[in-house]
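Below: one structure, written as structure tokens.
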Amino acid sequence: RQQAPGPRSMSSGASSSGASMKIVVGDRNVVPHREQFEAGLPANAEVVWSVPFDEQDVIAHLHDADVYVGGKFRGGPL
């Protein structure tokens, strides 16, 4: 079993917001579990909630996201 690659390497070791990990959530099914979801994240993780799903909002945040939680979507040019 191969190990998944680590997060992208950035010169500062953090995203542009200062968070160690940026997570974009576009799945309304996660909302009822939001407290538990966020409790399991590192303290300096940034979570962007795009619920109800807004494709343009998700696309705007994906350029520096480490994780996307949601279904498939058309996606457009970045």
Side-chain angles (χ1 to χ4, degrees):
R1 179 174 156 177
Q2 292 182 333
Q3 188 173 4
R8 289 189 314 266
S9 143
M10 298 181 189
S11 59
S12 67
S15 71
S16 59
S17 67
S20 66
M21 177 187 303
K22 181 175 180 180
I23 303 160
V24 178
V25 180
D27 185 342
R28 68 176 183 224
N29 294 309
V30 180
V31 174
H33 310 286
R34 182 176 183 159
E35 186 176 324
Q36 183 178 8
F37 178 81
E38 290 183 343
L41 299 175
N44 56 348
E46 174 189 2
V47 182
V48 176
W49 292 86
S50 185
V51 180
F53 182 80
D54 178 330
E55 185 172 316
Q56 293 306 311
D57 183 57
V58 169
I59 290 170
H61 288 284
L62 284 180
H63 73 281
D64 63 345
D66 298 296
V67 178
Y68 168 65
V69 178
K72 292 180 183 179
F73 63 97
R74 179 183 57 80
L78 297 176

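When a residue number appears, it is its place in the shown sequence, counting from 1. From a predicted model like this one, the values you see are computed outputs, not experimental measurements.
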When rounded to the nearest 0.5 Å, the distance separating CD of E46 from NE2 of H61 is 8.0 Å
Taking every non-hydrogen atom, the tightest pair across S50 and D57:
OG-OD2, 3.0 Å
Looking at D66 and K22, is any side-chain nitrogen of the basic one under 4.0 Å from a carboxylate oxygen of the acidic one?
no
Begin with the C-alpha distance, continue with both residues' side-chain angles, and end with the deciding distance and a verdict on side chain to side chain contact (heavy atoms under 4.5 Å, CB included) for V48 and V25.
CA-CA 6 Å; V48 176; V25 180; over 6 Å; no
Side chain to side chain contact (heavy atoms under 4.5 Å, CB included) for I23 and L41? Distances and angles first, verdict last.
CA-CA 10 Å; I23 303 160; L41 299 175; 3.5 Å; yes
How far apart are the C-alpha atoms of V58 and D54, what are their side-chain angles, what is the distance that settles it, and do they pass the side chain to side chain contact (heavy atoms under 4.5 Å, CB included) test?
CA-CA 6 Å; V58 169; D54 178 330; 5.8 Å; no
Would you say that V24 contacts V67 through its side chain, given a criterion of any heavy-atom pair below 4.5 Å between the two side chains?
no
With sequence neighbours excluded, give me every ring pair (Phe, Tyr, Trp, His ring centres under 6.0 Å) pair touching residues 20-42.
F37-W49
Heavy-atom closest contact (S20 atom, A45 atom, distance):
OG-N, 4.5 Å
Distance-minimising heavy-atom pair for A60 and H63
O-ND1, 2.9 Å
